[in-house]
Amino acid sequence: MRLNSKIIFHLMGLLLLFNGAFMLLAALVSGIYKDGATLSIMLSSVATMFAGVFAMYYTRGHRKEVKQREGYIIVTFGWIVMSVSGMLPYIFSDSIPDITNAFFETVSGYTTTGSSILDDIESLPEGILFWRSLTHWIGGMGIIVLAIAILPLLGIGGMQLFSAEAPGPSSDKLHPRITDTAKRLWFIYLGYTVAETILLKLAGMSFFDAVNHALATLSTGGFSTKNASLAYWNDQPLIQYIVIFFMFLAGSNFVMSYFAFKGKVQRILQDEELRYYTVLVILFTAIVSLVVYYQANITELTPGYPMVLGKAESAFRHGLFQVISVITTTGFVSADFTQWTPFLKVFFFCLFFMGGSAGSTAGGIKVMRHLLILKNGILEFKRTLHSNAIIPVRYNNRTVKEKIVYNIIGFFVLYMLLFVIGALVLGFLGLDFESAVGGAASSLGNVGPALGILDPVSNYNGLPVLAKWWCAFLMLAGRLELFTVLILLTPYFWKRT
């Protein structure tokens, strides 16, 4: 069956219109702060929207039908188109004149990875800093999900796009119609962003910093307006605790938030993934805090920043902050965890592979997948002893179909294989062992900070050009959970059926 190419280009145009409209917000911020970048961002917006209008106009006679193959193409190429157009403000304003660096920074933004090539973030114009944070926020819930809410206006169903944008074992829906699901998710997303902005402002942040960090937190992105990231506010613990709370929310399933607002407390308490997610955060925080308290030099946790409330509180706060930051793949930094102890360096490297909950804005493998793989592994012992027995995996007191279990195992194998290949490529391009494995794990998991020369207080600017493009590919593959991107590289996907 032939691809419906017109609908693909039509929706690319729609995404460009969205992107251009968001750039106007950044131009407005730039104009308010009179930072000198207003014209550059305006030109970027006009060029992006012109390309969008052009694409939509010349494909206006499209067949209003999106099938699965078109869905995968739209999602993957949609992210690429968004990234290419999204780097225009950096280039036009001369903030990041190099195309490789501008593309890397933009992909890192939309995929909510948070890796940066910038040496001096605070020197950038306010409009560019806002645009940088806005790319996180757009990518966090997914520009495709936003488009789903608009598709009915075009007479197009969006279910295929939603399944490609958010693949995985979770099938919870807030409403039978996928467009209403998208709208409800965005209202929750927007509400949390506004709430965090207000709380951060009340806690002592400037309004500009509060908005930017709220955008980066709810998207689990990690771009900050300060070179020191959240370590800049180490003398204001309340700010860090507010960020910790919203990182935890952003890393949990947004469907659970919806149930909370509807008063369905029982549904929340019965959710296995949320329970394990919470328990693991508590357990890992206890481990890290105790090791930091007894083995690490607290006064050297964050050089130049005071220990405000005492040794125990500092160990707990930094432990909790970094555990949640890494598990949710937000990537904010309150301290350089690679300098604590060798054990904690390895411990946090392992957390790169965890991820938050399914249905969250976090990257990584996700808690639900780990849980189902573990359950299936334990049941294999029973199946070995009782070879004729049918012993299904159960989740939330429901039987999980074998097809889903096989899909999860396949995802895990593919994820680890791509991590190994990613590290080998980075090693081939000249990175040392720590930097190669850390960079591959961090890029694929959309974490941000890594190890070696890519540690939490460094950046990715020193990478070879090819290494930056390779990391950008890993970020995109990780953000779209592998299958959506990698299936396009298979020859049978493009064969006519």
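Looking at Ser116, its side chain never comes within 3.5 Å of a backbone N or O of Asn459 through a donor-acceptor pair.
A salt bridge links Lys345 and Glu434; the closest N-O separation between the charged side-chain nitrogens and carboxylate oxygens is under 4.0 Å. Taking 4.0 Å as the cut-off between side-chain N and carboxylate O, Lys366 and Glu273 do not count as a salt-bridged pair. Salt-bridge formation is not detected for the pair Glu105/Lys468: no Lys NZ or Arg NE/NH1/NH2 atom is positioned less than 4.0 Å from an Asp or Glu carboxylate oxygen.
Aromatic pair Tyr33/Phe130: centroids not less than 6.0 angstrom apart. Ring centers of Phe353 and Phe419: under 6.0 Å apart, within the cut-off. Aromatic ring centres of Trp233 and His213 lie closer together than 6.0 Å.
More than 12 heavy atoms of other residues, nucleotides or ligands lie within 6.0 Å of CZ in Phe347, so this atom counts as buried by the packing criterion. Annotation: Ile99, atom CD1; neighbour count of heavy atoms from other residues, nucleotides and ligands within 6.0 Å does not exceed 12.
In this structure, Arg369 forms no cation-pi arrangement with Phe412, as its terminal cationic atom is not both closer than 6.0 Å to the ring centre and no more than 45° off the ring axis. A cation-pi contact links Lys226 to Tyr232, judged by a cut-off of 6.0 Å to the six-membered ring centre and 45° from its axis.
With sequence neighbours left out, Val81 forms a side-chain contact (heavy atoms from CB on, under 4.5 Å) with Met12, Leu16.
In this structure, the side chains of Ile324 and Thr330 stay at 4.5 Å or more apart for every pair of heavy atoms. At a threshold of 4.5 Å between non-hydrogen side-chain atoms, the residues Asp271 and Ile268 do not count as touching.
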### Message
Applying side-chain contact (heavy atoms from CB on, under 4.5 Å) to Leu215 and Phe223, what does each step give before you reach the verdict?
### Response
CA-CA 9 Å; Leu215 294 174; Phe223 279 159; over 6 Å; no
### Task
Would you check, one step at a time, whether the test side-chain contact (heavy atoms from CB on, under 4.5 Å) holds for Val211 with Leu200?
CA-CA 8 Å; Val211 169; Leu200 288 176; over 6 Å; no
